[in-house]
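Inspection log for the structure reproduced underneath, given as structure tokens.
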Amino acid sequence: MAEKSFIRSVREGVLEAFTRSDALVSAAVVFLGFLAGTILILAVGRNPSDMYFSLMQVVSGWYIRWNGDSWITRFNGRYIGEWIVMSLPLILCGLSMAFAARTGLFNIGAEGQYIMGLTTAQFFAFYAPRLPAAHWIIAVLAAIAAGAIWGGLVGFLKARFKVSEVVATIMMNYIAYYMSRYFTMRIPGANTYQTPPFPPTSRLSSPFLESLTNGSRLNYGLYLTLGAVLFFWIVMGKTRLGYTLRATGLNKEAARYGGINVNAQITTAMAISGGFAGLGGAVVALGVFASGRVLAVQDGYGFDGIAVALVGNSTAWGTALGGLLFGMLKSAQPLMQSRQIPKEITSIIMGLVVVFISLRAGVRIIVDWQMKEKARKEKEKEKEKEKENELKTEKSAKKEIET
């Protein structure tokens, strides 16, 4: 009995520590997602090793294949560059969701803010002064401002009129999408698919990064994204503004009682959140494509950013790692498809990761309930022992009186 009790207490302690550690939970759900993907690949009669070789090729650049007699190996740094390029907008839209979440808001409108940034960057690429080195900086700053205004408007409506940010951002996603199509098609020379080529001074192209990764599309967006991650980390963890934003997110009424202007913090949080997504739009527009695009459908980076932020636990570096993970899956999709693995597998893995990480709250509730039940039972046992001791005392007293 003592051994079983010890094992049970160890198991409960490990489970409680595990559910309290966000990093361990994220690692576990990613593992479970890949495990489920492996099982699905086996179920459709394919070899799971092809998926892992594809993922390794994207991350390391090494093509590894067994031809029956020997291993074939080739290195191409382009795969690494394209993986990072795919990850950049995911990281930035993830930061958009994460920043709002730290303030107690749910920014489901990163897609619309991303579109506003993308569209604004395209317009400034054509109409801003074509100054070397300054042109693309102006376009990027304008894109950040457009995303911040689009997000800040939602924050203002939330703070001033108590409008749900979820409903407002969903509606504004569609407004941004159709506005983008309407205005972009009116750029001279544009058709229903694309605009004329961008001026060279507006591009984020980096000859050094391109040569380093064998002609990939890796660009200055890498440095901008690293700067955004550092900005998130410093502001949220090291500044007074970050403290007031986090206090607002934890308890609005307590923050208001402490003298914090809650309405201003909500508007500020949504504006900064939108700025991250707007930067993501600029990185895609000016770094990935040579011409402006007339969006036929929404790119989906904003919605994927929600999953990225969840995996990263709404922290700066965690979100960056989550973006790299999802970018790896998306980049490896064509390689897996060429090896007869259904392209839907990557989407399933991404979806399952989100589902598993969402179950964390349920697991925590169960663990808390078990701990409370254990404490209640221990109290009941203590009361029973006290009653037994009292009865023994009474019996012994009676015996003494009789004798």
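For reference, positions follow the sequence shown, starting with 1.
- For the pair I80/L218, no side-chain contact is recorded, criterion being any heavy-atom separation below 4.5 Å from C-beta on.
- Using a 4.5 Å cut-off on side-chain heavy atoms (C-beta onward), V163 and K158 make no contact.
- Distance alone, capped at 3.5 Å, places no donor-acceptor pair between the Q194 side chain and the G292 backbone.
- Rounding to the nearest 0.5 angstrom, the gap separating the CG atom in L55 from the CG atom in L329 is 6.0 Å.
- No option in N107, T319, L279, I306 other than N107 meets the side-chain contact (heavy atoms from CB on, under 4.5 Å) test with S96.
- Shown here is R240, whose CZ atom has no more than 12 heavy atoms of other residues, nucleotides or ligands within 6.0 Å.
- Residues T184 and F123 have side chains in contact (heavy-atom distance under 4.5 Å, counting atoms from C-beta outward).
- Judged by distance alone, with hydrogens and angles left aside, the side-chain atoms of N173 form a donor-acceptor pair with the main-chain N or O of G112 at under 3.5 Å.
- Around atom CZ of F208, no more than 12 heavy atoms belonging to other residues, nucleotides or ligands sit under 6.0 Å away.
- Contact record, A100 with S273: CB-OG, 3.9 Å, taken as the closest heavy-atom pair.
- For the atom pair T120 OG1 and I115 CD1, the distance stands at 11.5 Å (nearest 0.5 Å).
- Formation of a donor-acceptor pair under 3.5 Å by the R102 side chain with backbone atoms of R246 is not found in this model.
- Not a single donor-acceptor pair under 3.5 Å links the side chain of H135 to the backbone N or O of F126.
- Residues K383 and E380 are not paired through a salt bridge, judged by the lack of any N-O separation under 4.0 Å between the basic side chain and the carboxylate.
- Every residue two or more places apart in sequence or in another chain that forms a salt bridge (charged side-chain N to carboxylate O under 4.0 Å, His left out) with R65 is listed here: D50.
- Not a single donor-acceptor pair under 3.5 Å links the side chain of N214 to the backbone N or O of R78.
- Interatomic distance, T213 OG1 to N76 CG, rounded to the nearest 0.5 Å: 9.0 Å.
- To the nearest 0.5 angstrom, M236 atom CE is 10.5 Å from L95 atom CG.
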What side-chain donor-acceptor pairs closer than 3.5 Å can you find for residues 307-314, not counting sequence neighbours?
residue, atom, partner, partner atom, Å
N313, OD1, R360, NH1, 2.8
N313, OD1, R360, NH2, 3.4
N313, ND2, D22, O, 3.3
N313, ND2, S26, OG, 3.0

Decide salt bridge (Lys or Arg N to Asp or Glu O under 4.0 Å) for E82 and R217; before the verdict, give the C-alpha distance in whole Å, the side-chain angles of both, and the deciding distance to 0.1 Å. CA-CA 6 Å; E82 293 299 324; R217 296 174 295 174; 2.8 Å; yes
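- The nearest pair of heavy atoms linking W83 to V58 is CB-CG1, 3.4 Å.
- In this structure T239 satisfies the side chain to side chain contact (heavy atoms under 4.5 Å, CB included) test together with I234, V235, L241, sequence neighbours excluded.
- Rounded to the nearest 0.5 angstrom, F326 CZ and I349 CD1 are separated by 10.0 Å.
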Begin from the C-alpha positions of M270 and F156 and carry the test side-chain contact (heavy atoms from CB on, under 4.5 Å) through to its verdict. CA-CA 9 Å; M270 286 300 297; F156 173 77; over 6 Å; no
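- Scanning all heavy atoms of the two residues, the minimum distance from T195 to S291 falls at O-CB, 3.4 Å.
- Within the 4.5 Å cutoff, the side chain of R74 has no heavy atoms near those of the W62 side chain.
- Y177 has its side chain out of reach of M172: every pair of non-hydrogen atoms, C-beta onward, lies at least 4.5 Å apart.
- The minimum heavy-atom distance between E165 and G104, with the atom names listed, is OE2-O, 4.5 Å.
- The shortest side-chain heavy-atom distance between Y223 and L209 falls under the 4.5 Å cut-off.
- Side-chain atoms of Q113 never come within 3.5 Å of backbone atoms of G147 as a donor-acceptor pair (strictly under, hydrogens ignored).
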side-chain contact (heavy atoms from CB on, under 4.5 Å) between F231 and I272: does it pass, once the steps are laid out? CA-CA 11 Å; F231 175 82; I272 296 175; 4.0 Å; yes
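- Sorted by first then second residue, the side chain to side chain donor-acceptor pair (under 3.5 Å) pairs that include residues 297-310, not counting sequence neighbours, are Y114-D299, R293-D299, D304-K330.
- Proximity of P89 to L92: side-chain heavy atoms (C-beta onward) are nowhere separated by under 4.5 Å.
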Can you give me every donor-acceptor pair (side chain of residues 262-269, partner residue at least two apart or in another chain, under 3.5 Å) with its distance?
residue, atom, partner, partner atom, Å
Q265, OE1, T244, OG1, 3.1
T267, OG1, N263, O, 3.1
T268, OG1, A264, O, 2.8

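- Other residues, nucleotides and ligands contribute only 12 or fewer heavy atoms inside 6.0 Å of the OH atom of Y193.
- In this structure the side chain of V283 never reaches within 4.5 angstrom of the side chain of V85, judged on heavy atoms.
- Checked against the 6.0 Å centroid criterion, the rings of W136 and Y220 qualify as a close aromatic pair.
- The aromatic rings of F99 and F276 sit tilted, their planes meeting at an angle between 30° and 60°.
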Would you list the atom pairs, donor with acceptor, under 3.5 Å between side chains in residues 331-339 and any protein atom, with sequence neighbours excluded?
residue, atom, partner, partner atom, Å
S331, OG, G327, O, 2.9
Q333, NE2, K343, O, 2.9
Q333, NE2, T346, OG1, 2.7
S338, OG, L335, O, 2.6
R339, NH1, S54, OG, 3.0
R339, NH2, Q57, OE1, 3.1

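- Of all heavy-atom pairs between S216 and E210, the closest is O-CG, 3.3 Å.
- Counting only N and O atoms by type, the side chains of Y52 and T38 include a donor and acceptor under 3.5 Å apart.
- Between A190 and P196, the shortest heavy-atom distance links the atoms N-CD, 3.9 Å.
- With a 6.0 Å cutoff to the six-membered ring centre and a 45° limit on the axis angle, R203 does not count as a cation-pi contact of F198.
- Geometric assessment of R186 against the ring of Y182 yields a positive cation-pi assignment under the 6.0 Å and 45° thresholds.
- Rounding to the nearest 0.5 Å gives a distance of 11.0 Å between CD1 of I175 and OG1 of T169.
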I348 vs L352, side-chain contact (heavy atoms from CB on, under 4.5 Å): CA-CA, chis, key distance, verdict: CA-CA 6 Å; I348 291 171; L352 287 174; 3.8 Å; yes
